[in-house]
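We name chains A, B, ... by the order of the sequence lines, and we start the count at 1 in each one.
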Amino acid sequence: MHLDFLGSLERTQTCGELRPEQAGADVVLMGWVNRRRDHGNLIFLDVRDRTGITQVVLDKELDGAAHAKGEAARPEYVVAVKGTVRLRGAGLENPNMLTGAIEVVATELLLLNDAKTPPFSPAEDAIANEEVRLKYRYLDLRREEMQRNFALRSRVAMAIRNYLVDEGFLEIETPFMTRSTPEGARDYLVPSRVHAGNFYALPQSPQIFKQILMISGFDRYFQIARCFRDEDLRADRQPEFTQIDLETTFPKQETIFRIVEGFLRAAFATAGVTIQGGFVRMTYDEAIRRYGIDKPDMRLPAMVDLTEVLTPELRTTLKVEQGLPVIGFTVPKAGVLSGTQKRALVEEIRGSFGDCGLDFLDVARLRTNEAFQPLAEAIAAKLNAEQIVFGGNNFTTDDLAIVITPKLGTPETWNYDPQWIPKKVGALRLELGKKFADKHGLFAKTGTARDYKFLWVTDFPMYEWDEAAGVWQAAHHPFTSPHEDDITSGRLVHDKGAVRALAYDIVLNGTELGSGSIRIHRKDVQAEIFRSLGMSDEEAKERFGFFLDALEYGTPPHGGIALGLDRIVMILAGATSLREVIAFPKTAKAIDLMVDAPTPVSEAQMRELSLRTVTRS
RNA sequence: GGGGACGUAGCUCAGUUGGUUAGAGCGCUGCCCUGUCACGGCAGAGGUCGCGGGUUCGAGCCCCGUCGUCCCCGCCA
């Protein structure tokens, strides 16, 4: 195989831009062979780069040398084409291609590089399995969909940068090698060569640094920052991920909300999406009560409390214990279920609840039984009202309604934690929502604005009770400020369970996009929080001494937020895994299949770092 | 740490009750073809049925173990 050098040839156009207006022009295109169609004395080469595909014609009669090279060309060869743009003849246009009205008649073809037959073709729509894609990531990334995802990611990041810079934010970098910060995840550690037995930690977030930057008087900081957390992966969780991290001095919650809403509108605009209307606000308590989760997916109707609807008489008929809570929800457009389908669904729901003391009645079934008609109608009316509030369609027989109530002989569990029932039912709501997604179409990635339901969840509890350890833990991180009146009222000391944090999450379609808070800026309040978490002064000093020192030198009120860039892009790309928007992601076991990391290191490297491996039992 | 799905040709998959020589489409190789665009025609190559063990006269199929990928729970403020 003879390969050509580029010589003095320069690319004049990309493969996606030629139009009829350029007919007659002499051009030079460079790219990969997407497909080759060989008709003997006439060969078509589709040449691809990231902007698109252009059809190149190699005619033996017009140019025998170019044609001969075209015979040798194979998919994924890298070529340079010198030729003339020509309008395609009548009936020969390809309306499916942006460049389909023209073709380039080659006068010279250079084979710049050959290519082994790839394990899968970047030109095909069908995608290979995840393992092969990740091993040959460079080929997978050549696919049009992936090229589009990363172009989108670049535009989104740029839109956010521009917005924040315009709002007076400074982009400042913070260290990758630092010490453990107070997030709750496991750290990735970096051994120190100079200080045997000591380790840096990779940041789980730049939390403390950005607060220090506020103390330093930078007023407004942001960073598109890489963060590292050594926890098990999910489709929406990678061990290293990117946050849009920001902090400002003298903020109200509203200040943060306005900024975030502003850059999200800008970011979505670059993807061609106009965010309609406002961002819904909801307290944590309301989110749990109505959705059973702290990140509600509002594309589905909320749960409704039917406790009052079940009158004592109905409870007797239905054998539902008096006074116990009853929760209902609907799955829109699930369709009228056959008896068999209903029985299967019943079994499935029982299975998902397991032996946990919840039972359910389904309205569709009740409707067929005259004795239960009043209940069915009451429930339907109640669910209907709820749907109208959220702009959905009216409840019809196509909609599946599920009503959950504790069983007779309920275990203690639900009684001891008032959130237990709504959380359980909320999980079922999502499960069924996914199960019938094809029917209701509410999760479809159509790109229309109404598919994006934004939500601020506010007033998270400051503390959560750690049953195992028997102590109160910070629900957010220990620099989060409580509501001012929870401090002045004394609740901070006497009623920890009721203390609300000035913490907020931004949620989109059931995904937590970001989380932030107004921080503590006073040393006395900070000390009180540490004390309330059972942390001694010595311990606080040991872990955060430098930060407590900084707090004493004129710390302004400040607060901020961090949003997952990967998740934002994932949703905008219509993808269901972060791997689709991270160029070189890791597998569920945190392995990079392309570079094959992690690996053992040499004995010499280990010795230099004063490390030895031991077998963990 | 736990649960589930998957693993058969380069890729996507089929493979019946355990029974002859494990198939298809795409891709690949060679030849033919001047208007294709998922080109077409003819011919051909290509298999450690993830790996190890077991049951059996006989295992892609059954059993045990193990590895890998994916999804979920725990975990991740």
Side-chain angles (χ1 to χ4, degrees), chain A residues 34-48 53-62 67 70-71 74-76 86 88-97 99-100 103 105 115-136 139-140 181-187 204-205 207 227-239 241 284 294 351-352 354 427 430-431 434 460-464 466 468 473-480 501 503-505 512 514-517 533 562 564 576-577 579 585-589 591 593:
Chain A
N34 198 57
R35 278 204 178 82
R36 187 180 67 118
R37 292 177 294 282
D38 186 347
H39 290 245
N41 289 331
L42 185 71
I43 297 173
F44 297 101
L45 278 191
D46 288 343
V47 181
R48 179 192 74 230
I53 295 174
T54 299
Q55 172 167 290
V56 172
V57 182
L58 299 156
D59 190 326
K60 195 170 188 176
E61 281 187 10
L62 291 178
H67 178 270
E71 283 187 323
R74 292 290 180 276
E76 303 311 311
R86 179 171 78 185
R88 294 200 195 179
L92 298 178
E93 303 93 345
N94 185 344
N96 299 320
M97 296 173 73
T99 60
E103 61 195 0
V105 184
K116 288 168 70 173
T117 300
F120 59 92
S121 166
E124 297 285 336
D125 290 332
I127 56 177
N129 73 60
E130 200 80 19
E131 207 172 338
V132 180
R133 290 178 61 197
L134 288 175
K135 179 171 180 188
Y136 298 95
L139 296 178
D140 190 42
T181 49
E183 287 79 10
R186 264 182 296 267
D187 287 317
Q204 296 178 27
S205 82
Q207 183 61 35
C227 304
F228 307 86
R229 294 180 191 175
D230 185 5
E231 294 293 345
D232 289 339
L233 283 73
R234 288 283 190 283
D236 64 350
R237 273 166 28 192
Q238 280 275 312
F241 58 100
Y284 170 84
D294 61 0
S352 80
L430 286 176
E431 200 180 309
K434 281 179 196 152
F460 277 77
M462 184 79 185
Y463 302 97
E464 52 196 29
D466 185 334
Q473 300 273 8
H476 201 58
H477 57 62
F479 309 118
T480 300
Y504 33 82
D505 279 4
E512 180 197 314
S515 189
S517 66
L533 294 171
T576 53
S577 165
R579 292 185 299 276
K586 291 175 180 60
T587 69
K589 287 198 175 156
I591 301 227
L593 289 176

So [X], base contact, sugar-phosphate only, or nothing? Heavy-atom distance under 4.0 Å.
X      : result
A:D38  : base
A:R48  : nothing
A:D59  : base
A:E61  : base
A:N129 : sugar-phosphate
A:E93  : base
A:R133 : nothing
A:E103 : base
A:T587 : sugar-phosphate
A:R35  : sugar-phosphate
A:Q55  : base

Within the structure, does a side-chain N or O atom of [X] lie under 4.0 Å from either OP1 or OP2 of [N]?
X      : N     : value
A:R74  : B:C28 : no
A:R229 : B:C75 : no
A:T117 : B:C28 : no
A:N94  : B:C37 : no
A:R37  : B:G41 : no
A:K589 : B:G68 : yes
A:Q238 : B:C76 : no

Which heavy atom in A:D294 sits nearest to a heavy atom in A:Y284, and how many Å separate them?
->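 Looking at all heavy atoms of both residues, the closest pair is CB-CE1, 3.7 Å.
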Between [N] atom [atom2] and [X] atom [atom1], what is the distance in whole Å?
X      : N     : atom1 : atom2 : answer
A:D140 : B:U69 : CG    : P     : 16 Å
A:R237 : B:C71 : CZ    : C1'   : 13 Å
A:L92  : B:G35 : CG    : P     : 10 Å
A:E130 : B:U12 : CD    : P     : 11 Å
A:I127 : B:U69 : CD1   : C1'   : 14 Å
A:D236 : B:C71 : CG    : P     : 9 Å

Which nucleotide in the set [options] lies at the smallest distance from any side-chain heavy atom of [X]?
X      : options             : value
A:D232 : B:G74, B:C11, B:C33 : B:G74
A:I591 : B:A77, B:C75, B:U69 : B:U69
A:E464 : B:A77, B:C75, B:U34 : B:A77
A:E124 : B:C26, B:C37, B:C70 : B:C26
A:A185 : B:G74, B:A77, B:C37 : B:A77
A:R88  : B:C72, B:G35, B:A77 : B:G35
A:L134 : B:C73, B:U34, B:C70 : B:C70
A:H39  : B:C11, B:G35, B:C76 : B:G35

Is it true that A:D232 and A:K589 make a salt bridge, defined as a side-chain N closer than 4.0 Å to a carboxylate O?
-> no
Presence of salt bridge, A:R237 and A:E231, under 4.0 angstrom = no
Using the P atom as the reference point in each nucleotide, state the distance between B:G7 and B:G40 in Å, no decimals.
->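 30 Å, rounded to whole Å.
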Gap in Å between the two P atoms, one belonging to B:A9 and one to B:G25, rounded | 16 Å
Could you tell me whether the side-chain ring of A:F44 sits stacked on the base of B:U36, using a centroid cut-off under 5.5 Å and a plane angle under 30°?
-> yes
Return yes if some donor-acceptor pair links the side-chain N/O of [X] with the main-chain N/O of [Y] below 3.5 Å, else return no.
X      : Y      : result
A:R88  : A:E93  : no
A:E124 : A:P122 : no
A:T99  : A:I53  : yes

Might you confirm whether atom OH of A:Y136 has over 12 heavy atoms from other residues, nucleotides or ligands at distances under 6.0 Å?
-> no
